[in-house]
Amino acid sequence: MDEYPYPLFFEAPDFTDREKEKVRRYFQKRRDSGGGDCGSLEKLGGNVYKICFKEKEDQERVLQRKFHTITLPSGEVQLTVSRTSSPQTSDQPSTSQSLSSTNPNIKGLEKTFRIDVFLLFFLRDNSKAYKFFEKQLSSIGCTVELNFDEEEVLVRGEVDKGPGGGFGGAAEKWECQVDQVFIQLTETYLCYHVLESKQVKMVLQDPSFKTDDIKVYTESGYAVVVGETDAMKEKIAILEKSLPTKKEVPIVEKKFKLIEEEFDREMRANCPDVTIIRGTAMITLEGPDKQVQSGAAKLDELIKNVKEKRVKFPTALLTFMKTSDAIPKYQTRFQQSLRNPVFFEVGSDLVLSSLSSDALNEAEAAVMRDFKVSTVQLQGAIDLNRLKEILTKAKNEANSRELRVDVSYMPGASGTSTTKVRLVGYSEDVAKLNEVVHDFQMNQVSTQETINLVHHDIVYCFNKILDLIGVKQTKVTLQASHFPNPCVFVSGPRCHVQEAKETLTSTLDSLIVDTLTLDGPGAQQYFQEEGKVTKELIEGSCHVIIRDKQTAATPSVQRPRNTSRLSDTPRSLSYSRSMYSTVGNSAINRTNLKIKLSSLENEQADVLVAPMLNKQLTSTNIGNSLLAKAGNALKLKFDSVVASCAITPGDVQLVDAPPSLGCSKIFFIECLPWDGVRGKSVQALGNGLKRCLELCAQLNLGSVAIPIIGPGVILKYPLREAIQVLTDIIHQFGLSASSGSLTNIHIVIKPGYPDSEACYHDVYKQLSLNMNQGGEAIFRSLTSDLDDIVMILGRGVKLHVVFGDITNETTDAVVNTTDFQNFNLDGVCKDILTVAGPQVETELKAAKVDRGEIYVTQSGNFPCKAIFHVCGQRDEALIEQLVCDIICYCEWYKYSSVAIPAICAGAGELDPAVVAGTILQGIKSSTSSVNSLTDIRLVLIKIDVFLAFKEEAMQMYSPAVINRVSFQEQQQQQQPPPTVSAYLSSLQISSTSQQSVFTFLGLSKTDIYDAMEKLKHQYQTQCSSKIFSKEELDFLSQDDMMELKEVVESEGLFMQTDQSGTLTVSGLKDGVTRVMQKMSQCQYVTLTREVRVREEEDVYNRVVWCILANNCNWERLPKSANHQLEKKELTEGITDAQGLIWEVDLQTMVATRPLSRRRTKLKRLENLPDFTFPLYWDPMAANETMKVVSLEPSSAEYQSVKEAFKRTVTKTVMKIERLQNVHLRRAYEAQKKHISDKNVQEGGAGEKLLYHGTTRENCHSIMTTGFNRSFAGQNATAYGHGTYFAVNASYSAQSTYSKPAADGSRLMFVARVLTGVFTQGKGSMKVLPLRNNQQPHNRFDSAVDKMDNPSMYIVFHDNQAYPDYLITFKGE
């Protein structure tokens, strides 16, 4: 259905788009056109336009107006609208046509007019109007016919020909006359559409609308009044006046209530026809327009007369008024009893409203008089619970009928136990309760006395002591404290405090305190755990108190908790190497773990581990950082490795590192983006990390640096999950006991990120938890760049620079840095006050502290004796002075230790380096004269701040006074391993210093003696001892001794050695048993290792297994691999001398690399009892002493011999043969050893590869029996009667020496010649001359043709040369 179904039409000149929109808005506005919601203006053709309305009523209202005048930019335009699409005028003819006539001089004409149908009805019903209309038409010779169905009027007439013989002029005149009649008709009569239901009813019921000259016609829902224009205007005026006016006036409820009665009187008197409708914050007036406007003006006038007054009342009093029935009560009172009503409202203030100022003043005076707030400060320590009980009773009595008074309690401004009582309510009831409080205080004035204690132990167990001496609940409060010295505070009503002090002092003076010392710290461990119940039974039966005494000389068995640590585990742990395996198998893990604060690309390690995604180097930030430092060289190496290989997630690619990086290799792990804890990404990363560590062990690499892989923007791991994967893999690697030569694993954390601290602590915590398994250490040590450093200052004061949280400190004094204003900002101040508790914070808020002053408070819940609060005010000089004053305060209070944060480096925003220099300078200048203070701890919670302090300390103090956590370990590495006896001696000293000390408190010496004997007996029943002989101890290696020390310390055992070297271990049975097990394991491991070593050595001497290396030379495999091959123990492959792992196939004698699948050859040589085969020889049969091996031209051995020959000879090489003569080689090696031993100082045997030409006839003899100097002189004896060898092959290739055979081939030996110490040869020389006349048997080893750069060597001993290769060559 069309949204706008009611059209109207009109004629108009062409409109622009802008004009069309303006016309549409005109018809849309009811006040302008009578219309309403309508569609767009539409042009039908010619000058005819159509506009459609949504509601019929809107269409009818528009039709009620004959003309519509609209102002457009081009000027005013007058429109006449109609229901039809031919709106020439509202009632103009729609057609005009000629009619046929029998008289040719007369022409019949007719014209049709469309007019309002109700006007047609009116002409039909009003004979007077119709006759007048008909008469007008008759006067111009026309007749008229009314057509009600078509809503048309048909006019007919005739015209004569004109003087020119045509009808044109006459017809036009006739038409104008007819049009004039219709225009007069429409101007004389008016059709008025009545749409409002009230007006329709009025029209139908009012007889004045039903006259001869006015007719009323009804349609569905509306009426139409038709009549003469003047009469209709009067009727229309009557109708318009009959429409009621409605007006909404916003009001304020409280103000309207004050003027409501007067407003009603005014309206009844002056505007009786107006209906008043009351709504929420709104009054609606409806009725005749004039009366409505008058009523609205009166309402506004009355409201403006209302006066308002705000009274400032305490918040507590306003709250009381809201919760009690005071508001309705006083509202009623102020409405009735005052001369003018007053409205009473309670919000953030008390608001009074009235038409009278006097009434407002009276109401204010009444409220101020009737209500009151009173705050009473309680003086001294009173029984607050008793006071509350009394006040509650008095309050309930006052409020028995209605709420009259309320009581609340507030802490005092000073932050102490002082309390305020606040009374709120009606004045008379507040006064009564105030008097009750006053009376109570007068009767309960409190005081406090102090009892000084001799022993600190009494403070620790004070409540138990009260039970022991039978002190019952009294009217006083007893509180033990260490501050300012061991004491008991007695507080309460004055009359009871003095009596309690005297009684308690007398009892405490009679208390007996004694100590029991047991050897070894295990006793404390036992009575804290299994023996705890027994200790409690002894306490109960003997009426004593037993305390474990902790001193600096007697630390706990368990590793002491570093008080500055943010995690539950120590920051720096050092574990001995230990065994982790199944029964019968043991291994020692030598790996150290270190957390490094650095960027991976700056690390110095054999291997760097980096992630990659989709085989792309730059797919991660780490890859980009490596590329930025290493440049294109890294990219070329990376691309060449990954280009041709298929990679799956978790695979590892090995890339040789360029020289610009501090490593030899980079291991790239193919990763996946995070897909959940159980997803493939975690599995891939774990497999990759595991493979990296295995490769390090297999390749004999010593160190690896691994970053935290995963939390970046690419892989998107949660930080904690990434850390968990890495630490789990490291833990598994430690358990595998296959670390090989891998001694250092660096976990690299990049500093400067928001989560760097959290990352560091999480990594450290996880690694600390993974340092051992089942009581056995699986890594040697765990250290970090943030390990504490300790400096020994003047007078033995230790200065500790600690990375940690100051709230974990247990020093005597703790320093809090604050501005004394903002206590809730994150930082040291908030952390300390959170631990100390609200009392300390309340006291601090009330403190008034001058510049540079130290404000001292009690510690509250903080585990120290006092807290020093300071404000550095971002002033370096002030901070330095504060540090000096802090040390002076410690001396004054006789404190031995203090913890100081980085004052103003956090919220103060000072440069950490500046703060570090200032604080360290203050310490340095003020510790020269201290006596009590022994430990100063600078506790720093941020990484950058700790590093700044560390660097500043390194610069300020000489290295001699600085001790790092890893210092001892470095010293141990530099010093030779201690002997077993020396090591056991150190164990004994260490153990005897760790005694278990117990403090006993009781009322009689007998009770204490009995308790000490029972405790000692109970411990001894749980102990045992074991003696180890010197022979048993000789099995221990240094690693074994470290493991033994670990057991001794962890179990709290006591050890003694005697002069004979025996060792006695005593302590708890389980601990001694564990030592025995450890000793057995160590002995088993040692024996197993020795057996294996002997086996490997034996096989190594008999059998030679070789592998063909990259340089194509045969290399002997290490003893372990040699033994594996001989025993065929090849499940896990073999490791060569370079640390590479190979898979072995003994059938084909081929070794294969697991990853690259590169293959190489293996060879087995079995030595003779008196002869070791050279590695490059081929195997020979057991009874074979001579073998000639023809070398393959493609072999590296062939190419090497040929290349040396061709350097000086251009002739063609036909073949090269290797000569393997066991007898000759054995004799040659013996001569070689003889010359080497003789010439130790001169460079040994001087073995050289030289050339010797020969003939076919002599060749076989030399191959079988060697070079024979008895043939000397065949070719030359210019330099002696010996065997001649040339440096260059070209000399021996002369036909004089290498005589051609019948086929033209020649022969030349490549010989190994022992030249030793040579001399100038001479022709007469048959024996080499003596080197020293004083040594008759020490002759030169060889002769040469010239001493300066010899070209020929002559030897005079047949075994001094060995024919290694035979070259057959040919050519001119």
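Residues: numbered from 1 along the sequence shown.
One distance of note links CG of Leu627 with NZ of Lys635; it measures 8.0 Å at 0.5 Å rounding. The distance from the CD atom of Gln1199 to the OG atom of Ser1194 is 8.0 Å, given to the nearest 0.5 Å. Here the straight-line distance linking atom CG of Leu1130 with atom CD of Gln1124 works out to 7.0 Å at 0.5 Å rounding. Atom CD1 of Ile1262 and atom OG1 of Thr1255 lie 7.5 Å apart (nearest 0.5 Å). Residue Cys696 holds its SG atom at 7.5 Å from CZ of Phe733, rounded to the nearest 0.5 Å. Atom OG1 of Thr1265 and atom NE2 of His1260 lie 8.5 Å apart (nearest 0.5 Å).
Between the side chain of Lys1163 and the main chain of Leu1108, no donor-acceptor pair closer than 3.5 Å is present. Using a distance-only test at 3.5 Å, with no hydrogens or angles considered, a donor-acceptor pair links the side chain of Arg1306 to the main chain of Ala1293. Side chain of Thr743 to main chain of Gly702: a donor-acceptor pair is present (N/O by atom type, distance under 3.5 Å, no hydrogens or angles). Side chain of Asp1364 to main chain of Arg1312: no donor-acceptor pair is present (N/O by atom type, distance under 3.5 Å, no hydrogens or angles). Under a 3.5 Å cut-off, the side chain of Ser1298 and the backbone N or O of Leu1307 do form a donor-acceptor pair. Side-chain atoms of Glu1217 do not come within 3.5 Å of backbone N or O of Leu1191 as any donor-acceptor pair. Between the Asn1122 side chain and the Glu1096 main chain, no donor and acceptor come within less than 3.5 Å of each other. Using modelled atom types, no side-chain atom of Asp1145 and backbone atom of Val1150 make a donor-acceptor pair closer than 3.5 Å. Looking only at distances, no side-chain donor or acceptor of Asp651 sits under 3.5 Å from a matching main-chain atom of Glu670. Between the side chain of Lys615 and the backbone N or O of Cys645 there is at least one donor-acceptor pair closer than 3.5 Å.
The pair Arg1094-Asp1098 does not count as a salt bridge, with every side-chain nitrogen at least 4.0 angstrom from each carboxylate oxygen. A salt bridge does not link Lys637 with Asp656: every distance from a Lys NZ or Arg NE/NH1/NH2 to an Asp or Glu carboxylate oxygen is 4.0 Å or more. Note on Glu1229 versus Lys1233: no salt bridge recorded, every NZ/NE/NH1/NH2 to OD/OE distance being 4.0 Å or above.
Looking at Lys1322 and Tyr1279, their side chains never come closer than 4.5 Å, going by heavy atoms from C-beta outward. Counting only heavy atoms from C-beta outward, the side chains of Phe667 and Val704 never approach each other to under 4.5 Å. Residues Val641 and Leu654 are not in side-chain contact: their nearest non-hydrogen atoms beyond the backbone lie 4.5 Å or more apart. His1123 is listed as a side-chain neighbour of Arg1092, based on a closest heavy-atom distance under 4.5 Å. Contact check for Pro1350 versus Asp1345: side-chain heavy atoms found under the 4.5 Å cut-off. Using a 4.5 Å cut-off on side-chain heavy atoms (C-beta onward), Tyr1198 and Val1213 make contact. Inter-residue side-chain proximity for Arg1331 and Glu1242 is flagged as met; some heavy-atom pair is nearer than 4.5 Å. Leu1162 places none of its side-chain heavy atoms less than 4.5 Å from the side chain of Trp1142.
Between Tyr1353 and Phe1318, the angle of the ring planes goes over 60°, which puts this pair in the perpendicular group of the 30/60° scheme. By the 30° and 60° cut-offs, the orientation of the rings of Phe1285 relative to His1252 is tilted. A tilted orientation is assigned to the rings of Tyr1228 and Tyr1362, their planes being inclined by 30° to 60°. Relative orientation of the Phe1267 and Phe1309 rings is perpendicular, given thresholds of 30° and 60° on the angle between their planes.
Checked by atom type, the side-chain pair Ser1305/Asp1303 shows a donor-acceptor distance below 3.5 Å. The closest side-chain donor-acceptor pair between Tyr1365 and Glu1197 falls under 3.5 angstrom.
Nearest heavy-atom pair across Ala1196 and Cys1112 is CB-CB, 3.0 Å. Of all heavy-atom pairs between Leu701 and Asp606, the closest is C-OD2, 3.8 Å. Between Val1355 and Gln1360 the shortest heavy-atom distance is CG1-NE2, 4.0 Å. In terms of heavy-atom proximity, Leu1328 sits nearest to Arg1339 at O-NH1, 2.7 Å. Ala1245 approaches Ile1235 most closely through the heavy-atom pair CA-CG2, 3.7 Å. Shortest non-hydrogen contact noted between Asn1359 and Gln1231 is O-CB, 3.7 Å.
Atom CG of Asn1333 has 12 or fewer neighbouring heavy atoms from other residues, nucleotides or ligands inside a 6.0 Å radius. Applying the 6.0 Å contact sphere to NZ of Lys1206 captures more than 12 heavy atoms from other residues, nucleotides or ligands. Within 6.0 Å of atom NZ in Lys1127, 12 or fewer heavy atoms from other residues, nucleotides or ligands are found, so the atom counts as exposed in its surroundings. Counting heavy-atom neighbours within 6.0 Å of Lys690 NZ, excluding the residue itself, gives a total of 12 or less. Shown here is Arg1102, whose CZ atom has more than 12 heavy atoms of other residues, nucleotides or ligands within 6.0 Å.
Residue Asp1341 is tested with Asn1239, Thr1315, Thr1319 for a side-chain hydrogen bond (donor to acceptor under 3.5 Å, both in side chains); the sole match is Asn1239.
Remark: Tyr1251 engages no residue in a ring-ring contact (aromatic ring centres under 6.0 Å, His included) (not counting sequence neighbours).
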Would Leu617 and Phe668 count as a side chain to side chain contact (heavy atoms under 4.5 Å, CB included) if you check the C-alpha gap in whole Å, the side-chain angles of each, and the deciding distance to 0.1 Å?
-> CA-CA 9 Å; Leu617 173 62; Phe668 286 94; 3.6 Å; yes
Worked check of ring pair (Phe, Tyr, Trp, His ring centres under 6.0 Å) between Tyr1284 and Tyr1297 = CA-CA 10 Å; Tyr1284 284 68; Tyr1297 311 113; 8.6 Å; no
Side chains of residues 1178-1188: which donor-acceptor partners sit under 3.5 Å, not counting sequence neighbours?
| residue | atom | partner | partner atom | Å |
| --- | --- | --- | --- | --- |
| Glu1184 | OE1 | Ala1181 | N | 3.0 |
| Lys1187 | NZ | Pro1179 | O | 2.9 |

